[in-house]
*Asks:* 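The structure's right below; bear with me while I get my questions together.
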There are 2 protein chains.
Amino acid sequence: MAARRPPQSLTRVNYAVFVTVTSTDVAKAAGVSRAAVSQILNGRGERFAPATRDRVQQIARELNYQPSAAARTLARGASELVVGLLPHTTFGGHLQDVVDTLTDELSAAGLTLVLRFSDSSSHSFERLVQTMRPLAVVSITRLRDSDRSLLTELGIRLVEPHLDAREPVDHRIGRMQAEHLVSRGYTRLAYAHLRDRREDPFGPARADGVRDACRQAGLPATPILNLGIDADEARRELNRLDLPRYAIACYNDDVAIALLSAAREAGLRVPEDLALIGMDNTPISNLVSPRLTTIETDIRGAGLRMAQMIVRSVTGGTTEDDSDEQVPLRVVERATT
Amino acid sequence: MAARRPPQSLTRVNYAVFVTVTSTDVAKAAGVSRAAVSQILNGRGERFAPATRDRVQQIARELNYQPSAAARTLARGASELVVGLLPHTTFGGHLQDVVDTLTDELSAAGLTLVLRFSDSSSHSFERLVQTMRPLAVVSITRLRDSDRSLLTELGIRLVEPHLDAREPVDHRIGRMQAEHLVSRGYTRLAYAHLRDRREDPFGPARADGVRDACRQAGLPATPILNLGIDADEARRELNRLDLPRYAIACYNDDVAIALLSAAREAGLRVPEDLALIGMDNTPISNLVSPRLTTIETDIRGAGLRMAQMIVRSVTGGTTEDDSDEQVPLRVVERATT
DNA sequence: CTGAAAGCGCTTACAG
DNA sequence: CTGAAAGCGCTTACAG
């Protein structure tokens, strides 16, 4: 074991003193060269005697040998780091489960997933990718153009699962919302965004889905509302509509609840005068009255697919989503439509 | 510029071809040695002629030289990586702003913040810290014991801002909830946890705060409720109370809204028969009826303090929170108390 | 079937 | 005031 002496002058940073087991330790203990240890532990050990192989693997385990990422990166010229970019939106258990799945799947493939918010400053993102040289960046949401070109320029693989299906999932969500409303007899539809664009990463694609569904059904253009989760804003946006008898597809359940609350105060009957459909099937959507119609998605399954796609893309070189299955989506019909 | 050739056999991973500017490039262009470049760019340039210093810095900027994190880590024996552990709880804009602040502050100090969920598997966390050797780990929430001892063993600094104030912020939150309820004349208090422990990371500390405040006010022990955001569970837990005339401090606004909804269905008057206080001042807490009393926190300011504390701890060696200011907390009184 | 050697890009103690 | 040299831990092409 090499006891690491910290550098002498600590002007900037205090270093911990690590006790590390290196490949040299393993090699000595096993009576082979470091090259042998490296090859055997990296799956290129076919050429070695099975006994040697076993011995090395056994000893590495006993010593709890963990190769240094820094050294490996330096030697290989690329890291095993994958950076996951989280949208700057409210998210709870669901999205976190997806990320956990991703973490584990990538870890099993020898890759390390590390997270960032996609909205943190471009500057710090640039530093991150320039210095860490991740193997890939996977973005849950649409990337800034500047970040995208940075990655292209550096030759860092970009994986964007949400763009990959033949019909992007967000377009489908909007379409399903609209088709449900149309099937309940509504002919005048609107789309309600979250006003803060940062929190509305999927809004544009979903609004497109609503618009396309309306066009296909021969309905007029859909007005676009923009509101925060706030009673005043909801009332104001509602007033822009030629009520009664409108149906609104909402960015998420919170937006729908804000509109629901405003409608109640304005004396509108829901769903007779105003129909609402949310998205996410949040627990609270089932606690308001009337209970909210919404859309539910099997996001865990989606996480698994995403993970597999990334592993495939990183290990196999393709970014295409050859499996053409789609994320399962389901309308949860309750009392607001 | 060194064009990096990818290794010949790509059994596991496809590598991108990077075009990197190295310190050698800078050194050549400036007509100095790599050592000089290193020292000048790392703030140890006092010994060099000002002209040399300026030239090197200028050229490094022009070439957009970004030192390789891997090489630096290897040479220095410790990385400049800080791992931030996110609680596995619902969070929206607020917490994300804190994280963004943290990212930028650390970046300004030359450190790279990278995120993980604290609940992802211990195994993958171990791999992360063993291979990446972060300079520090900062945990927004309480760490698993196994993870904690792993870090101790490896000598990796652990920063836990939530533990640092003289009175931990979560204890204070519980106490403020209870004190508010007591001040409104309630004498029988309960605490409502989120049932899923993963989503209730701060619950125990807050329940302690409620209990301590009640003890201090001479009130009886507080019953503990556990519920998900679900009408049935809320009703069930409500039935365990000897109603009417109870006041419940809730883990967050969602829990309070679930109880509010159940109370409404059970024909209880709020706040006469049942008082509720939430936590977070979510937008929706102001949209339900009656509007929810809750607690608001200046989490942005908290993020800044946290960032400074981490930078100080990492660069200065102390983990103590010498600044004794507290996170601002404020009761937002509305109609449920 | 296995090992010696070179090299990844950087930092730092040391020599001039 | 500045540079040559050694070394961080690993990987891989090559020689035996």
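Here is how names work: the chains are called A, B, and so on, in the same order as the sequence lines, proteins then strands, and each is numbered from 1. What you are looking at is a predicted structure, and each value in this text was computed from that prediction instead of being measured.
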*Asks:* Atom CG of B/Leu41 to atom C1' of C/dT11: distance rounded to whole Å?
*Replies:*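 Result: 12 Å.
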*Asks:* Which listed nucleotide (C/dC1, D/dG9, D/dT2) is nearest to the side chain of A/Ala75?
*Replies:* D/dG9
*Asks:* Given that A/Thr52 and B/Gln39 both sit by DNA chain C, which one's nearest nucleotide is further toward the 5' end?
*Replies:*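 Taking each residue's closest nucleotide, the earlier one in sequence belongs to A/Thr52.
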*Asks:* When all nucleic acid strands are considered with a 4.0 Å heavy-atom cut-off, which category describes B/Ser23: base, sugar-phosphate, or nothing?
*Replies:* sugar-phosphate
*Asks:* For A/Glu80 and D/dG9, give me the distance from atom CD to atom C1', rounded to whole Å.
*Replies:* 14 Å
*Asks:* For the pair made of CZ in B/Arg133 and P in D/dC8, what is the distance, rounded to whole Å?
*Replies:* 15 Å
*Asks:* Across all strands, who's sitting opposite D/dA4 as a Watson-Crick or G-U wobble pair, both distances under 3.5 Å?
*Replies:* none
*Asks:* So does B/Arg44 get a side-chain nitrogen or oxygen closer than 4.0 Å to the phosphate oxygens (OP1/OP2) of C/dT12?
*Replies:* yes
*Asks:* For B/Arg47 and B/Ala71, find the nucleotide of DNA chain D closest to each by heavy atoms; which residue's nucleotide sits nearer the 5' end?
*Replies:*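 That would be B/Arg47.
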*Asks:* For D/dT11 and A/Arg72 - does any side-chain N or O of the residue sit under 4.0 Å from the phosphate oxygens OP1/OP2?
*Replies:*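 Result: yes.
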*Asks:* Would you call A/Arg148 and A/Glu160 a salt bridge, using N to O less than 4.0 angstrom?
*Replies:*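 Counted as a salt bridge, because a side-chain N and a carboxylate O are separated by less than 4.0 Å.
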*Asks:* Counting side-chain heavy atoms from CB outward, which of C/dT2, C/dG3, C/dT12 is closest to B/Arg76?
*Replies:* C/dT12
*Asks:* Quick one: label B/Val37 by what it contacts on the DNA or RNA (base, sugar-phosphate, nothing), any heavy atom closer than 4.0 Å.
*Replies:* nothing
*Asks:* Please report, rounded to the nearest Å, how far the P atom of D/dC1 is from the CZ atom of B/Arg55.
*Replies:* 15 Å
*Asks:* Identify, between A/Ser68 and B/Glu46, the residue whose nearest nucleotide on DNA chain D lies closer to the 5' end.
*Replies:*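 Final value for this comparison: B/Glu46.
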*Asks:* To the nearest Å, how far apart are B/Leu74 CG and C/dC8 C1'?
*Replies:*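 Distance check: B/Leu74 CG to C/dC8 C1' gives 9 Å.
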*Asks:* So, the side chain of A/Asp147 versus the backbone of A/Leu143: is there a donor-acceptor pair under 3.5 Å, distance only?
*Replies:* no
*Asks:* Consider only side-chain N and O atoms of B/Gln58 and B/Arg61, and report whether a donor and an acceptor are under 3.5 Å apart.
*Replies:*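 A pair is found: one side chain offers a donor N or O, the other an acceptor, under 3.5 Å apart.
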*Asks:* Could you give the CD-to-C1' distance, from B/Gln130 to D/dG9, as a whole number of Å?
*Replies:*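 After rounding, the gap between these two atoms is 15 Å.
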*Asks:* Applying a 3.5 Å limit to both distances, which nucleotide forms a Watson-Crick or G-U wobble pair with D/dA13?
*Replies:* none
*Asks:* Figure out the CG/C1' separation between A/Asn42 and D/dT11, and round it to whole Å.
*Replies:* 8 Å
*Asks:* To the nearest angstrom, how far is A/Phe48 atom CZ from D/dG16 atom P?
*Replies:* 18 Å
*Asks:* Check whether A/Thr103 reaches the backbone of A/Leu113 with its side chain - one donor and one acceptor, N or O, closer than 3.5 Å.
*Replies:* no
*Asks:* side-chain hydrogen bond (donor to acceptor under 3.5 Å, both in side chains) between B/Arg72 and A/Thr131: does it pass, once the steps are laid out?
*Replies:* CA-CA 10 Å; B/Arg72 172 172 285 179; A/Thr131 60; over 6 Å; no
*Asks:* Go through C/dG9, C/dT2, D/dT12 for me and flag the one nearest to the A/Ala35 side chain.
*Replies:*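 Selected nucleotide: D/dT12.
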